[in-house]
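Input: a single structure, listed below in structure tokens.
Bear in mind the structure is a predicted one, so any value in this text is a computation, not a measurement. Naming: A, B, ... by sequence-line order, numbering from 1 per chain.
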Amino acid sequence: MSKRVLVLLVVLLVAAMALAACGGSQATPAPSGGEEQSTSGTTEEQASTEEACKVVFGAAVSLTGKYAKEGEYVKNGYELYVEEINKQDGIPVGDKKCMVELKIYDDESNADRSAQLVEKLITEDHVTFLLGPYGSGNTFATTAIAEKYKVPMVEANGAATKIFNRGFKYSFAVLSPAPNYLRGIIDMALDKDPNLKTVAIVIENGAFALEVAQGAKDYAEEKGLEVVYFDKYAKAAKDVSSLITAMKSKNPDIVLGAGHLQDTILVMKQSKDLGLSPKVFGFSVGPTSPEFRKALGKDADYVVGAAQWTPELKYKSDDIFGTPQHFTELYKAKYGEIPPYQAAESAAALIAYQKAIEAAGSLDKDKVRDALAALDYDSFYGKLKFNEQGMNVYKPMAVMQNYTDGGLYTVWPKEAAVKEFLYPFKPWDER
Amino acid sequence: MESLQFTQGIVNAILLSGTLALVAIGFSIVWGILNIINLAHGAFLMVGAYITYWLFTLYGIDPFLSLPISMAIMFVVGYLVQRYLINMVIRAPLLVTFLLTFALEIVIINLATFFWKGDLRSVTPDYAGLGFSLGNVQVPYVRLAAFFISLILTGLLHVFMTYTKTGNAIRATGMDIDAARLQGVRIPQTYALTYALGTALAAGAGTLISISFPIDPTMGGAYTLRAFVICVLGGLGSIPGVMMGSVVFAFIEVFSGIWFPSLKDAIALLVLVLVLIVRPSGIAGKAFYH
Amino acid sequence: MEREILLETHEATKHFGGLAAVEKVNMKIYRGEILGLIGPNGAGKTTFVNIITGMLPITSGKVIFKGTDITGWPAYRIGRLGIARTFQIVKPFRGMTVRENVAVGAMFGHKGQTRSPREALEHVDEIIEFVGMSDLRDKHADQLTLPYLKRLELAKALAMDPELLFLDEVMAGLNTKEIEAAMELVRKINARGITILVIEHVMKAIVGVTERVFVLNFGQELAQGKPEEVLNNPAVIKAYLGEKFVQRFFRQQQAA
Amino acid sequence: MSDREKKKAPLQYSLFDGLFQGRQGVLLGLFTLFLIFLAIFPFLSFASGFWLNTLTLILLLAAMAIGWNFIGGYTGYAAFGNVAFFGFGAYGTGLSMTKLGLSFFPSLLIGALAAMLFAIVMGLPILRLKGHYFAIATVAIATAMGEIADSWTSFTGGAAGITLPFFDPIEWSGQFFYYMSLLLAVGGLLLTWFILNRKMGYSWIAIREDEDAANMMGINTTWAKVMAFALSALMAGLAGGIYAYWKTFVLAEEVFKIEYTLQMILAAVLGGTGTIFGPFIGAFIYYILITLLVFFLPVGQLHATILGTIIILVMVFTPKGLMDFISGRKKISINSLLENIRTYRV
Amino acid sequence: MLKITDLNVAYGEVQVLWDVNMEIHESEVVALIGANGAGKSTLLYTISGLLKPKSGSIQFNGTEIAGLPADEILRLGIGQVPQGRHLFAGMTVKENIMMGAYLRKDKQKVKEDFDFVLDLFPRMGERLNQPAGSLSGGEQQMCAVARGLMAAPKLLLVDELSLGLAPLVVENIYNAVEKVIQRGMTVLIVEQDVFLALEQADRAYVLDVGRIVMSGPADELMENPRIKEAYLGI
């Protein structure tokens with residue numbers, strides 16, 4: 001009578017154990033699931049001629065879910081670096097070279113999953129070092145795991161400072177922290193027209209955007225501007241017309257938006273609907289992405305956006321990319337589009353690792369960590385240097401503008417500008 | 001509050017109420033007649049929006065012209081979904097239909113994300129964003145047109161429900177299924193037709209929304225919840241009730257959005273809970289689609 | 001001899017919208033009796049029981065049980081006070097066995113406060129036997145046929161140790177033999193000292209078991225008295241069989 | 001079950017039959033084995049941090065599903081907002097630890113009590129609602145609470161969230177949270193069993209089967225429903241508190257997300273609502289299914305579609321869960337699968 | 001016209017009708033009487049196709065209709081005025097009446113029939129645009145009869161028309177039914193007012209706990225003192 005039942009339960013038990021065993025076993029090759037992407041630039045013979053040495057970088061990146069697009073850029077950046085470095089037979093460690101391997105899982109834009117996967121990367125896949133996911137929330141969750149296992153994590157896509165306020169020793173961020181995002185735009189606007197008086201700031205209610213906005217507010221007030229509007233809208237808002245109306249009634253000179261691509265597009269669309277035309281429209285994230293132009297068409301003209309990095313920046317480096325321009329060429333050749341800054345900063349995270357490994361002359365996790373902490377290097381992406389908390393506060397933010405010719409050009413800082421900052425924003429009713 | 005905010009708020013609320021009414025009516029007839037909460041409603045709306053987007057992007061078809069196309073396509077889809085899936089569990093307990101339609105939503109959204117990617121898209125005809133000013137108040141043409149089209153569609157539905165035999169059969173089925181059977185109404189077909197109508201209306205609303213707002217595969221969920229709130233506010237089963245509910249809801253949403261921008265859903269939802277607590281079966285009693 | 005009044009209604013009235021389902025009914029139930037409540041379909045019998053037992057809010061009037069005004073009390077308090085009822089449309093707890101169904105009554109009813117679930121489960125065996133369902137004790141309620149569901153209703157109500165029991169059409173849909181058995185059961189329940197109000201369409205049953213009959217028609221009292229008197233009351237027969245039938249019927253009887 | 005067994009056990013409480021009808025010995029034995037396996041799991045050689053992490057998630061889900069089962073499975077109220085209690089537990093614990101500087105256990109208690117209190121305050125009015133209205137009111141409250149937590153910067157930290165201290169020593173945190181979750185889930189099973197042996201259990205099932213009859217039979221239905229809701233909240237609140245400390249941060253968008261509600265319902269439904277072990281086993285089935293989809297099947301980015309399809313198939317063919325088949329109450333056959341459709345279509 | 005042979009009907013496991021045999025001839029008025037719970041309405045629902053029989057046959061004009069969908073049966077010509085009226089409460093009186101003609105395509109005839117039922121129930125004419133839910137009990141019953149007639153059935157089943165209505169109203173409605181009968185419609189009357197039923201009917205069947213226990217010409221049954229017993233159970 002109970003045979004079937006017995007079988008069912010045994011199957012359940014065995015399935016659980018088998019899963020555990022299969023996942024935990026080192027002998028079996030890593031599962032070749034659809035979520036997992038292994039990139040190795042080497043072949044079997046090459047590896048066997050030398051003493052087998054490889055560095056495995058692991059990351060959980062959003063390939064599906066709400067950050068799927070950004071996650072794709074991150075993955076591209078990681079992969080481009082790995083391809084290039086393996087062309088040079090890998091990273092020099094002491095007197096030998098180690099081929100680089102990448103292990104990426106899809107975290108579905110979900111912090112729980114992200115943490116779970118990083119724990120898998122550490123305890124099951126035994127990766128050498130960790131790379132960051134996309135977004136502050138997921139980064140927050142994964143840095144804690146890295147800290148628990150004392151595995152360094154250099155991340156490139158979590159800008160919120162609260163990630164780094166917890167005294168972590170193993171987490172580093174190559175990107176400029178959130179409060180710095182909008183400084184460049186404010187500087188540029190005042191440089192163009194010192195008579196600007198008022199700023200309105202709209203904020204997506206999220207950890208990153210709130211820090212961006214607070215940083216911008218402090219900086220604007222420091223520069224003598226009056227912040228006439230400062231309010232947040234719900235994350236994933238589908239309608240911000242109330243805020244636009246409220247801003248419009250204040251008639252600000254500058255409108256700054258702290259948020260992400262999606263809500264930035266929404267703010268622009270509804271500003272047009274409601275006829276909000278300040279002299280400067282600037283956003284933390286969005287205008288520098290090709291999607292922005294795709295979504296808004298001509299309405300994207302004049303809008304400026306902060307950028308961690310742009311292809312036109314004038315950095316020079318001895319890393320494998322050398323200059324932003326060279327990085328752009330390689331990226332374009334491989335992916336067929338201008339690299340968004342997420343890709344560049346992701347690649348920069350690996351550059352930071354490379355330089356730290358070279359300095360440490362070892363793949364030892366603690367030695368590399370110490371080398372990362374001491375790193376001071378000028379890369380194609382800009383300065384890579386971390387403060388005590390692990391944040392890169394030394395790199396300035398650039399500004400890009402959507403031009404009336406349909407292009408996207410760096411307009412700030414002045415020394416890197418390819419085009420003049422178009423000013424003022426042309427009112428909607430005059431277009 | 002400054003007067004611009006106030007007057008613009010009123011205009012926004014009125015414009016919003018039109019689209020919301022269209023969303024809610026489709027949801028409401030499915031709930032009222034089939035007695036299921038169709039959690040996939042928003043997903044159908046999203047598909048409607050994407051149909052418009054693709055027709056515009058690939059073939060340059062004007063979004064307003066794509067309205068009948070997206071409605072017709074989703075009408076057929078809705079009919080098939082009800083007839084061959086939902087009908088299997090139509091009389092099952094609440095939890096079953098709830099989870100079934102929820103799963104349906106998950107599948108549709110995931111497929112949409114898979115094929116169309118998760119990023120935000122916009123339908124941008126040349127006239128997008130154009131409008132006229134009444135004093136300082138802006139009235140975008142597109143939203144105004146969407147408002148009137150919503151009203152027209154709602155009116156057409158009203159006429160259909162009231163003056164055609166089929167419409168009467170649908171209403172009759174919602175009121176007394178056995179009596180409807182005795183008059184010769186074929187229930188399975190009527191149910192499928194009702195669901196198809198609801199789906200088509202959702203798609204129509206999706207089309208109109210896609211012209212004024214950016215779209216993405218997850219856009220629908222918020223509209224499903226709003227539709228529910230509106231049905232409760234306006235009472236289940238009457239088109240004028242849904243219209244009233246939409247207006248009330250639009251005003252709550254717009255003005256709570258002005259005062260507490262990051263709390264606007266919470267306020268609308270708490271209003272819903274309050275209404276339910278005071279009147280456990282919605283504000284208006286049971287009326288039946290006229 | 002003045003008998004003790006167990007339950008009394010004063011002008012009990014229930015309106016649904018504008019419709020009067022029960023209109024100013026004054027009823028007395030004496031301790032220990034079996035009272036029949038009859039009336040044609042739609043006369044308001046079930047509604048009347050519903051407003052006494054707290055299932056429906058009363059529109060106006062008063063209900064007094066053992067000298068306590070219980071008007072407006074929630075149903076569970078009335079149940080605990082010692083009034084139990086069966087439902088015309090049976091309401092078994094389908095996910096439970098027969099024994100558990102009945103035990104719920106023993107756990108929460110009149111004397112439920114003092115019983116643990118285990119005691120209740122043991123206590124109800126006697127009641128299950130009393131209604132003749134011992135064999136079905138461990139069956140789930142959803143496996144029972146209608147006659148047994150009717151008995152289960154009875155057992156559930158009995159397990160509450162009520163002083164007053166309302167039986168709402170427990171015999172409808174039963175065949176003659178089953179009705180005989182049910183009547184016997186009602187008498188036996190009464191013999192346990194439980195006062196009973198029987199709502200029934202089956203007149204044979206009413207005549208067989210009740211001492212007194214109360215007739216409702218259109219929500220109002222039509223007649224009350226001894227069963228034979230009431231059933232031969234032309235007004236009552238008219239309400240059931242129609243006026244013309246009564247005329248003809250009595251003519252026939254006189255002729256005979 | 002044979003007749004002999006029947007006589008041997010005259011007092012059969014079918015409330016426990018959900019799983020073990022007639023085959024208590026075998027099934028209970030297997031289940032005990034499984035629990036022992038879980039208890040020694042962290043000491044097994046293949047028990048990596050990843051598996052500990054995964055099992056912790058499963059056990060927390062099981063605990064929440066067991067809690068949901070009180071209100072949704074036994075009392076029969078389709079609660080779709082239980083994540084609100086999870087959120088209350090997480091915030092209560094987080095705020096107590098950071099703002100009051102309490103240690104974890106008292107904070108956890110405060111968080112769970114806050115969740116319970118909230119359930120009672122909300123339950124009194126909304127448990128009067130029925131069917132769809134109750135379901136959506138719970139969704140609305142959960143969503144609104146999440147949004148409030150997300151915006152009330154001065155109290156909850158708003159969208160920046162709360163950062164909790166680490167479990168010390170950090171190396172053992174994996175094991176600590178695993179055992180906390182195991183304790184909670186097993187405690188939930190014991191609590192279910194305990195309640196079913198009490199009057200409360202009978203009240204719940206009576207309310208589910210017929211609330212009017214239950215009320216008429218002397219059950220204070222309001223009290224029983226509110227208790228079911230509150231105990232449901234207790235389980236979710238404790239899970240939320242453990243989760244918060246485990247993850248070391250509390251963010252409204254994480255701890256109030258509607259997916260958690262969905263997951264607990266799915267776990268309960270998959271295993272079988274209104275049974276003691278159903279939600280526990282359902283949580284394992286659900287999560288192992290998901291894990292398989294994510295890691296071991298080449299379904300790529302379509303795993304949500306597969307998941308949705310599975311839900312649809314379960315709803316259409318076995319909405320009463322797998323427990324009916326495991327316990328042998330139903331045979332797996334085409335007919336038993338189609339029976340549901342025959343019953344519920346028009 | 002209608003021939004029922006050995007019909008058994010059950011709700012789940014509970015059998016309600018046992019081996020029912022019954023015949024209705026063209027242009028005949030047949031009454032079906034019996035106590036509450038005897039299974040009268042169940043029989044009508046089964047004839048109309050709302051319930052599926054467990055076994056047995058129902059033939060209508062030679063066609064086997066047992067188990068056919070309700071709309072097919074209505075198309076073949078069996079209409080019903082259900083017990084408890086079952087009006088569409090939110091629809092107007094006119095819409096309710098017109099729902100009766102839902103399956104009919106002959107617009108001209110429908111118009112004529114509509115005029116006929118308004119003639120039959122002048123009160124309906126006054127209330128055409130009122131929601132049916134707002135009518136009084138008697139008016140609702142009239143509306144239900146009118147709706148039933150609009151299907152122009154060959155056989156009309158009427159269930160408990162007098163239920164809960166004042167005598168004067170009942171008389172009013174039955175006067176109308178009489179007119180319909182005079183037009184030659186075949187009618188099966190289920191009625192708790194035994195005299196009313198027997199007075200209208202040519203023949204009658206007595207149903208007791210799911211079984212036919214008596215049948216015969218209405219006049220004979222009317223004289224039969226056992227009716228009172230059968231009905232009241234005394």
Distance in Å, [X] [atom1] paired with [Y] [atom2], rounded so as to fall on 0.5 Å steps:
X        : Y        : atom1 : atom2 : answer
C:Arg85  : D:Met217 : CZ    : CE    : 12.5 Å
D:Ile207 : C:Phe93  : CD1   : CZ    : 9.0 Å
C:Met160 : D:Met216 : CE    : CE    : 5.5 Å

So which of D:Ile219, D:Thr222, D:Asn220 actually passes side-chain contact (heavy atoms from CB on, under 4.5 Å) with C:Tyr76?
->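 For C:Tyr76, the side-chain contact (heavy atoms from CB on, under 4.5 Å) test succeeds with only one of D:Ile219, D:Thr222, D:Asn220, which is D:Asn220.
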
Considering non-hydrogen atoms only, spot the tightest contact between D:Ala213 and C:Phe87 and give its length.
->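 Closest heavy-atom pair between D:Ala213 and C:Phe87: CA-CE1, 3.9 Å.
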
Closest heavy-atom pair and its distance - C:Lys91, D:Asp210 |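 Shortest heavy-atom separation between C:Lys91 and D:Asp210 comes out as CG-OD2, 3.0 Å.
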
Exceeds 12 heavy-atom contacts within 6.0 angstrom, atom [atom1] of [X]:
X        : atom1 : result
C:Glu129 : CD    : no
C:Phe130 : CZ    : yes
D:Phe194 : CZ    : no
C:Lys28  : NZ    : no

Short question: side chain of D:Lys199, backbone of C:Met107 - any donor-acceptor pair under 3.5 Å?
->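 Between the backbone of C:Met107 and the side chain of D:Lys199 there is a qualifying donor-acceptor contact (under 3.5 Å).
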
Selection from C:Leu81, C:Val104, C:Ile78 maximising heavy-atom pairs under 4.5 Å formed with chain D = C:Val104

